[in-house]
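To start, I am sharing the structure in question, which I have written as structure tokens.
We name chains A, B, ... by the order of the sequence lines, and we start the count at 1 in each one.
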Protein chains: 2
Amino acid sequence: MNNLRSQTAPCVLQLGLCDQRATDLAKAKRVQKWQRDPEGMRLRILEAAKQEFAAHGLAGARVDRIAANAGANKRMLYYHVGNKEDLYLAVLEGAYEKIRSEERGLDLEHLDPPEAIERLIDFTWNYFLRNPEFLALLNTENLAKARHLKRSTKVKSMHSPFVEMIRTVVTRGVESGDFRVAVDPVQLYISIAALCFFYLSNSATLSVIFGRDLLKKEARDERLAHMVALVLAALTGKSTADFGNAVGQGTRSPERQPV
Amino acid sequence: MNNLRSQTAPCVLQLGLCDQRATDLAKAKRVQKWQRDPEGMRLRILEAAKQEFAAHGLAGARVDRIAANAGANKRMLYYHVGNKEDLYLAVLEGAYEKIRSEERGLDLEHLDPPEAIERLIDFTWNYFLRNPEFLALLNTENLAKARHLKRSTKVKSMHSPFVEMIRTVVTRGVESGDFRVAVDPVQLYISIAALCFFYLSNSATLSVIFGRDLLKKEARDERLAHMVALVLAALTGKSTADFGNAVGQGTRSPERQPV
DNA sequence: CAGGAAATTAACCCGTTGGATAAATACTGG
DNA sequence: CCAGTATTTATCCAACGGGTTAATTTCCTG
């Protein structure tokens with residue numbers, strides 16, 4: 001259809017000359033047509049690749065589109081990162097790095113155990129909301145049965161501190177009497193992630209089959225309250241108001257009733 | 001690489017002649033080379049397509065491979081179903097049809113509310129375990145933002161009875177005093193599906209980052225117990241033995257410790 | 001048993017796409 | 001300011017993959 005090669009955006013800071021190339025080719029020669037910026041270029045490539053892989057999956061992603069959206073030439077991808085799969089793995093590693101890095105700043109150690117859990121849920125939920133590409137990338141990688149992730153050395157090492165962080169919270173909660181039982185921290189984290197991840201990652205199909213928009217503000221708030229109430233009720237044994245409140249909200253307004 | 005076109009498997013019931021075609025071509029002419037079987041062919045195509053789409057996603061799926069695995073010619077797909085996207089939608093609709101159909105047989109109405117919930121979790125979990133393609137298909141469709149599902153008329157209509165089924169259980173549970181709160185049935189189902197779905201759908205990456213095999217028998221049993229305990233504890237307010245039991249199992253055996 | 005419709009096969013078409021090559025241009029150290 | 005290197009651009013291409021056309025074979029019906 002449309003030839004992507006002709007769409008390759010010129011590099012940043014091109015001194016506003018590219019548009020007039022036709023009018024004065026001779027003069028253009030004396031001026032800088034592009035600037036070097038390897039680091040910036042690499043970052044823009046990775047960002048564009050993240051969007052592309054998230055939007056279309058590994059097989060559906062187009063190298064040309066990534067280049068175009070990065071304001072680069074296709075050749076640059078191979079020069080700066082490598083082939084399509086290398087690019088994909090770099091994006092994936094970056095995505096894990098980013099979330100685990102933010103999680104490290106959660107500082108759950110200084111909170112009451114129930115508050116710590118609530119904060120973890122709140123963070124996870126909002127992180128997924130803010131970074132929908134992350135969800136899509138994980139799904140893509142799981143479709144590939146983690147083939148690429150297995151090759152990655154970086155990723156494996158960055159998860160044990162995170163698990164330990166949760167384990168500490170659980171242990172403290174049991175000792176303080178806030179929690180009735182000492183759950184396996186990995187199991188607990190998977191459950192928390194599951195509640196957030198599935199809702200958001202599958203919101204498109206769920207919205208269709210249940211006939212309500214699961215992403216609108218009220219629905220999102222309701223969901224967060226539901227998840228916190230669910231997990232805390234199970235851990236502490238005490239019911240919270242929110243869990244009860246969530247009851248009818250989704251069903252009362254008639255236009256949101258599933259047909 | 002290898003030319004798929006030459007791999008097209010002959011039709012079923014070819015009277016065992018195909019292997020000897022080279023030896024006696026003349027005689028073969030007098031015998032049936034293939035049999036008509038439109039319904040069977042359609043089914044085999046859909047089954048092969050399901051596997052292919054589940055394994056590679058929409059963009060990654062190869063029409064040639066589907067044809068080959070269906071023991072058919074590529075042209076047959078277009079003859080019996082339509083183009084690639086039609087094929088994909090047919091597969092997707094069939095997948096929804098199948099799970100909702102099995103769910104209808106659950107007969108939760110005649111169980112105690114807590115038992116009914118446990119049974120629903122148990123069924124969902126095992127259905128996902130038995131039908132991993134279903135998970136992959138849903139992920140693929142969500143990557144496409146439910147673009148195809150929205151076009152489907154069949155799918156939307158088959159979910160309201162299911163939601164009503166759950167709503168009845170919840171209402172009965174509240175009336176009997178088994179449940180402390182009347183949760184929104186959609187919210188509850190999404191949570192149950194989430195706990196099962198995410199664990200299985202993402203088991204590949206999770207197994208890598210947490211350094212344990214989440215699909216082995218013990219891990220699966222442990223997970224089911226954890227989920228049932230989590231949901232029932234939140235609904236009933238009573239702790240169950242399993243939730244506590246699950247504590248250390250994942251962490252005690254040293255080889256499963258995340259590094 | 002003829003003849004036409006339904007089912008199946010074989011071969012081809014052509015735009016797309018990942019990747020490669022070589023040439024041009026900017027920067028840097030001497 | 002010059003030579004050499006790093007970065008970027010402009011083309012090119014062979015393989016691939018979805019889809020189509022046309023011929024071939026089986027089955028059904030009158």
Contact nearer the 5' end of DNA chain C, comparing A/Arg75 with B/Arg75: B/Arg75
- prompt: Hey, does B/Ala61 reach any base, or is it just sugar-phosphate, or nothing, if we go heavy atoms under 4.0 Å?
  reply: sugar-phosphate
- prompt: Between D/dG18 and B/Arg62, is there an OP1 or OP2 to side-chain N/O distance shorter than 4.0 Å?
  reply: yes
Under-4.0 Å salt bridge between A/Lys98 and A/Glu133: no
message: Let's see if you can work this out: which of D/dT8, D/dG19, D/dC27 has an atom nearest to the side-chain heavy atoms of B/Gln35?
response: D/dC27
message: Pairing donors with acceptors under 3.5 angstrom, does anything connect the side chains of B/Glu141 and A/Thr205?
response: no
query: Rounded to the Å, how far apart are A/Tyr78 OH and D/dT9 P?
result: 16 Å
task: State whether the distance check finds a donor on one side and an acceptor on the other, under 3.5 Å, for side chain A/Lys74 versus base C/dG19.
output: yes
query: Can B/Lys84 and B/Glu52 be counted as an ion pair, charged N to O under 4.0 angstrom?
result: no
task: Please check the phosphate of C/dA6 (OP1 and OP2 only) for any side-chain N or O of B/His80 closer than 4.0 Å.
output: no
- request: Grab the CG-C1' distance between B/Asn73 and D/dG18 for me, whole Å please.
  value: 13 Å
message: Between B/Arg100 and B/Glu103, does any side-chain N to carboxylate O distance fall below 4.0 Å?
response: yes
